Amino acid sequence: MDAWTSFKLFISEYTGFNIDIIITWFPIFLKAAGVTLGISAAGIVFGTILGLFIGLGKLSSIRLIRLPFELYVTIFRGTPMLVQMLFIHFGIMQKMGFNPITSAAVTLTLNAGAYIAEIFRAGIQSIDKGQMEAARSLGMTKVQAMKDIILPQAFKRMIPPLGNESIILLKDSSVAMVIAVPEITYYSRLAQSNTFSVAEPYLMAAVFYLIFTISLSKLVSYLERRLDTG
């Protein structure tokens, strides 16, 4: 018996883990990790753009304009993402011919947009009103003042909550398995079914998610220090 076989037997005897399962499924999990990162990145990037638009809409002084944006945020924050994922894919996107990956990216974007809208609204409202008045007195339009004076200051304060929302969205992307998106959790269940082992597949999934969330946390901390968000 060679050293590697002895090592695997030792691990199996004392921990119950079958290393062969991890070795066999690791390349598949690696590919699934790309899908997880892809749909999460799409949700974060497009959700931020959507959140800015909705957040500005919620700040309108005209109630009729503000109302649809408030309704959007209420619906997406008040319903589970699992329900949103199933409804958007099977109720809309699939009928239009879109694949599950696109449906998952759209759902994550729409969901993130509602939460990020509140982050933008709170961030903008945290800036002293005198900043806008000073900018307008210098001849700037309201759009120019918002773009060049208010948003840059507000964005610094929004980095910590935006980072938290990104981490939550990354973990919530596991919900996409219900519509058969080939991401990490989907393959965890598949590996469990094929090997009749639970611990190894879900341990690999947990390690992948942990690496992603720790890396994202480090990136957010770096940006906070770099921009001195205090």
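Heavy atoms only: backbone and side chains are in, while hydrogens, waters and symmetry mates are out. Only a predicted model underlies this, so the values are computations on that prediction, with no experimental measurement involved.
Tracing side-chain contacts under 4.5 Å through hydrophobic residues (I, L, V, M, F, W, Y), one never reaches M81 starting from I88; they form parts of separate clusters. V207 and I19 fall within a single hydrophobic cluster, where Ile, Leu, Val, Met, Phe, Trp and Tyr are joined by side-chain heavy atoms under 4.5 Å apart, directly or via other members. Hydrophobic clustering places L37 together with V35 (ILVMFWY residues linked when any side-chain heavy atoms are closer than 4.5 Å, directly or through intermediates). Connection of F155 to M132 is established within a shared hydrophobic cluster, with ILVMFWY side chains joined at heavy-atom distances below 4.5 Å, either directly or through further cluster members. F87 is connected to V106 through a chain of hydrophobic side-chain contacts under 4.5 Å among Ile, Leu, Val, Met, Phe, Trp and Tyr, so both are in one cluster.
Nearest heavy-atom pair across P152 and K147 is CD-O, 3.3 Å. The two residues P160 and V220 have their closest heavy-atom pair at CA-CG1, 4.5 Å. Taking every heavy atom of both residues into account, A191 and F29 meet most closely at CB-CE1, 4.4 Å. A104 approaches I39 most closely through the heavy-atom pair CB-CD1, 4.3 Å.
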Stepwise side chain to side chain contact (heavy atoms under 4.5 Å, CB included) test for L56 and I124: CA-CA 9 Å; L56 291 173; I124 291 169; 3.7 Å; yes
Evaluation steps, ring-ring contact (aromatic ring centres under 6.0 Å, His included), between F69 and F53: CA-CA 9 Å; F69 297 103; F53 175 70; 5.5 Å; yes
From CA spacing to verdict: side chain to side chain contact (heavy atoms under 4.5 Å, CB included), N99, T102: CA-CA 6 Å; N99 61 38; T102 307; 2.9 Å; yes
Residues R157, I127; criterion side chain to side chain contact (heavy atoms under 4.5 Å, CB included); working and verdict: CA-CA 9 Å; R157 298 181 182 181; I127 303 300; 3.9 Å; yes
From CA spacing to verdict: side chain to side chain contact (heavy atoms under 4.5 Å, CB included), L170, I167: CA-CA 5 Å; L170 178 62; I167 290 171; 5.6 Å; no
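A donor-acceptor contact shorter than 3.5 Å is absent between the side chain of Q125 and the backbone of A122. Remark: side-chain polar atoms of T213 are paired, donor with acceptor, to backbone N or O of L210 under 3.5 angstrom. Using a distance-only test at 3.5 Å, with no hydrogens or angles considered, a donor-acceptor pair links the side chain of T36 to the main chain of I184. Side-chain atoms of E200 come within 3.5 Å of backbone atoms of N18 as a donor-acceptor pair (strictly under, hydrogens ignored). Checked by atom type and distance alone, the side chain of S197 never pairs as donor or acceptor with a backbone atom of A199 at under 3.5 Å. Checking side-chain atoms of R66 against main-chain N and O of E70 turns up no donor-acceptor pair under 3.5 Å. Put simply, the side chain of Y72 gets close to the backbone of L110: a donor and an acceptor are under 3.5 Å apart. When atom types are taken as modelled, the side chain of R121 and the backbone of G55 share no donor-acceptor pair closer than 3.5 angstrom. Looking at S126, its side chain does come within 3.5 Å of a backbone N or O of G123 through a donor-acceptor pair.
Here CG of N194 is found 11.0 Å from OH of Y187. Values are rounded to the nearest 0.5 Å. The CG atom of L203 sits 10.0 Å away from the OG atom of S188 when rounded to the nearest 0.5 Å. Rounded to the nearest 0.5 Å, atoms CD1 (I168) and OG (S173) are 12.5 Å apart. Atoms CD1 and CG, from I150 and L59 in turn, are 11.0 Å apart once rounded to the nearest 0.5 Å. For the atom pair CD1 (I75) and CG (L71), the distance works out to 4.0 Å, reported to the nearest 0.5 Å. Taking CG of L190 as the reference point, atom CD1 of I28 lies at 8.0 Å (rounded to 0.5 Å).
You'll find the side chain of F208 stays beyond 4.5 Å of the side chain of E183, heavy atoms only. Residues I116 and L50 fail the side-chain proximity criterion, which asks for heavy atoms closer than 4.5 Å. With contacts defined as side-chain heavy-atom distances shorter than 4.5 Å, the pair Y115/L169 does not qualify. Using a 4.5 Å cut-off on side-chain heavy atoms (C-beta onward), L52 and T48 make no contact. Side-chain contact between H89 and P100: present, with at least one pair of heavy atoms (C-beta onward) separated by less than 4.5 Å.
Under the ring pair (Phe, Tyr, Trp, His ring centres under 6.0 Å) criterion, F90 pairs with no residue at all, not counting sequence neighbours. For the salt bridge (charged side-chain N to carboxylate O under 4.0 Å, His left out) test, no residue two or more places apart in sequence or in another chain qualifies with E165.
A 6.0 Å sphere centred on CZ of F17 holds more than 12 heavy atoms belonging to other residues, nucleotides or ligands. For I62, the CD1 atom counts as loosely surrounded, since its 6.0 Å shell holds 12 or fewer non-hydrogen atoms of other residues, nucleotides or ligands.
The pair K58-E118 meets the salt-bridge criterion, with a side-chain N (NZ, NE, NH1 or NH2) lying under 4.0 Å from an Asp/Glu carboxylate O.
The closest side-chain donor-acceptor pair between Q84 and T107, if any, does not fall under 3.5 angstrom.
Taking the six-membered ring where tryptophan is involved, the planes of Y209 and F212 are perpendicular, since the angle between them exceeds 60° and thus also 30°.
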